[in-house]
Amino acid sequence: MEAYVAVRAHGLKSRLLKRPDYEALARGEREVYEYKDYSSIAARDPLEVKVEKVHRVYVSRISLLAESAPELSEYLWALADKLEFENLKLQLRRVLGGGGRPILYPYGRHVGPVRLSEATEEKELWELALSSGLLERVPKREWGSLAEREAFVDFAYVKHLASAVQRVPASGESRRALLEAAAELCSLVAASWSRHLSPEAVASVARAAGLEVKRPPRGGSPEERLLRLARRLELRYPASLPYAFAFDVYATAEARNVERVIVGRSLGMGSSEILASLLLTSP
Amino acid sequence: MAVSGLAFLPPSRGTLSLLKRMLELAERGKRVLEMQREILTKEALSLLERVKGRREAEGRFVEALRRVNELRLRLGEPGFRALSCLSRPPSVLLLPVSFQGVPCPQIRVSAPPDTSLHYDAEVLERIGELWGALAALIEVANAEAAIRCISEQLVRLSQIINSLDRNVIPALEDAIRRVEERVAARELEEHVRARRLRGA
């Protein structure tokens, strides 16, 4: 079954956009809706709707993988669950800020964006995440800053992913590779939050989420390091479940890139500025 | 009294005295208005110095916006919008402020944007840059609004001064001259009549 998922992921990866596609999009030579996967995006759609549709494409790709291998779907859905964790952070900012209306990702296996957006108090939000099974525990009350709470949600996602690895019937080697990937992801989250929190605070938040931060990785941005991790897994495990992890990283990067192109063009930014902001996975 | 009505005034010493008072008042008014025009011109010129900073303020704003847009792309649209929920917008008031007696609408910032919930130093820096640029633009806009009000007042003052200079004062001077001549002629006539009566 792992091989089947990997083969499907290879097929989906071959449809991901390449550098020339991004260049054509950024220069305005092509429109996003000209690509089959993004044909649901209409030129007259408001920006929010376009962004939502871009992320729907990502969700549909992961759904396709998950539905093709029910035994492994727990892990594959867990990959997409990062959007739910992101939604939790986005809604948390809205609740604490008390204004505006954020765009939530169009995904909800545990708690959907509609229910999340109805939460008006922080306590309500945590209870919702806890009762739906998205979170196993909630942040400590003594954490005063938003950064600590958001970091907790990021670590909780890594823990969620690592737990999903344990539950799926993957081979020992795949399981080991995916657990290592989760550990690296944990380090990347720690590195990313160490820009805003002290190392002690990061370690404390990670512990509260049930994780241990081992070593802070060096060199490159967390996004670039995640891509490097994906490339490594792609090369070492081309026909097993870790390949699905690599595909998820690439598909997520594509969703972010297409979103950046759409937003950049709507803001009237130049093609060079848009291209500089992209995270390109292929030469 | 309308300028056109001066032609129908009865020639008498009383009318002459009234016309001279009116002329004195018109000339004093003209001098006062000229002084006010001078002061307002100086005020407008000093405000022009502030407006000269418009190009720089606009450039600063465009650059700040460009850097915010870069951040917006990097954070992603959902992330960026959610971050913007954490900022409370600045509080501004539109008040009438007097510039040498000329009321002008001016923007006054009563509270800067509240960014206390933000934790990202880069986001805070971008907000600071954008707010700084926006505050500079507000200053320029205030100066421009004041110049517009002062200019309108200068136009009105010039119209009044021109009217006094070209119509009212010459008309009063003409009327005084005419009444003086008529009064002098009447006095001469009375004098001659009195001498004839004395001779008879």
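Quick caveat: nothing in here was measured; it's all calculated off a predicted structure.
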**Request:** Verify the ring-centre separation between A:Trp193 and A:Phe152: is it less than 6.0 angstrom?
**Result:** no
**Prompt:** Can any side-chain N or O of A:Glu150 pair as donor or acceptor with the backbone N or O of A:Ala147 at less than 3.5 Å?
**Reply:** no
**Complete:** Among residues 128-154 of chain B, residues within the sub-4.5 Å heavy-atom range of chain A, in order of number, are none
**Message:** Evaluate A:His160 against A:His110 for side-chain contact (heavy atoms from CB on, under 4.5 Å), listing each step before the verdict.
**Reply:** CA-CA 12 Å; A:His160 177 75; A:His110 300 85; 3.9 Å; yes
**Request:** Return yes if some donor-acceptor pair links the side-chain N/O of B:Ser110 with the main-chain N/O of B:Ser91 below 3.5 Å, else return no.
**Result:** yes
**Prompt:** Which is it for A:Ser63 and A:Ser60 under the side-chain hydrogen bond (donor to acceptor under 3.5 Å, both in side chains) test, yes or no, and what are the steps along the way?
**Reply:** CA-CA 5 Å; A:Ser63 308; A:Ser60 71; over 6 Å; no
**Contact origin within B:Leu83 toward chain A - heavy atom pairs under 4.5 Å** = both
**Message:** Quick check: closest heavy atoms across B:Ile169 and B:Ala26, and the distance to 0.1 Å?
**Reply:** CG1-CB, 3.9 Å
**Request:** Dump the intermediate steps for salt bridge (Lys or Arg N to Asp or Glu O under 4.0 Å) on B:Glu27 and B:Lys30, then the final yes or no.
**Result:** CA-CA 5 Å; B:Glu27 282 175 341; B:Lys30 184 189 149 200; over 6 Å; no
**Item:** Contact listing (chain B partner; residues 255-267 of chain A; heavy atom under 4.5 Å)
**Value:** A:Glu259, A:Arg260, A:Val263, A:Gly264, A:Leu267
**Any residue of residues 37-60 of chain B which, by heavy atoms, sits under 4.5 Å from chain A** = none
**Prompt:** Is it the case that more than 12 heavy atoms not belonging to B:Arg13 sit under 6.0 Å from its CZ atom?
**Reply:** no
**Complete:** Okay, A:Leu47 and chain B: the region with an atom under 4.5 Å from a heavy atom over there is side chain
**Request:** Output yes when B:Glu189 and B:Arg193 qualify as a salt bridge under the 4.0 Å nitrogen-oxygen rule, no when they do not.
**Result:** yes
**Item:** salt bridge (Lys or Arg N to Asp or Glu O under 4.0 Å) assessment of B:Arg186 paired with B:Glu190
**Value:** CA-CA 6 Å; B:Arg186 188 180 288 174; B:Glu190 280 172 4; 5.3 Å; no
**Prompt:** Can you tell which of A:Ala276, A:Gly268, A:Pro102 has the highest number of heavy-atom pairs within less than 4.5 Å of chain B?
**Reply:** A:Pro102
**Message:** Using only atom types and a distance under 3.5 Å, with no angle test, would you say the side chain of B:Gln100 pairs donor to acceptor with the backbone of B:Gln36?
**Reply:** no
**Asked** Is A:Ser198 reaching over with its side chain to a backbone N or O of A:Ala201, donor-acceptor style, under 3.5 angstrom?
**Response** yes
**Residue pair B:Pro170 / B:Leu164: nearest heavy atoms and the distance that separates them** = CD-O, 3.8 Å
**Item:** Stepwise side-chain contact (heavy atoms from CB on, under 4.5 Å) check, B:Arg81 with A:Leu90
**Value:** CA-CA 9 Å; B:Arg81 294 221 183 171; A:Leu90 299 177; over 6 Å; no
**Request:** Select one option (side chain, backbone, both, neither) describing which atoms of A:Glu52 are under 4.5 Å from chain B's heavy atoms.
**Result:** neither
**Message:** Quick check against the 3.5 Å criterion: does A:Lys53 have a side-chain atom that pairs as donor or acceptor with the backbone of A:Ser40?
**Reply:** yes
**Asked** Which heavy atom in A:Lys50 sits nearest to a heavy atom in A:Ala42, and how many Å separate them?
**Response** CE-O, 3.4 Å
**Expected output: side-chain A:Arg56 to main-chain A:Tyr107 donor-acceptor under 3.5 Å** = no
**Message:** Just so I understand: if I count every heavy-atom pair under 4.5 Å between each of B:Gly79, B:Ala121, B:Ser87, B:Pro89 and chain A, which residue has the most?
**Reply:** B:Gly79
**Residues in residues 70-77 of chain B that sit under 4.5 Å from chain A, counting heavy atoms only** = B:Glu70, B:Arg72, B:Leu73, B:Arg74, B:Gly76, B:Glu77
**Message:** Quick check against the 3.5 Å criterion: does A:Asn87 have a side-chain atom that pairs as donor or acceptor with the backbone of A:Pro113?
**Reply:** no
**Message:** Would the distance check show the side chain of A:Asp45 and the main-chain N or O of A:Ile41 forming a donor-acceptor pair, the cut-off being under 3.5 Å?
**Reply:** no
**A:Ser145, part contacting chain B, at a heavy-atom distance under 4.5 Å** = neither
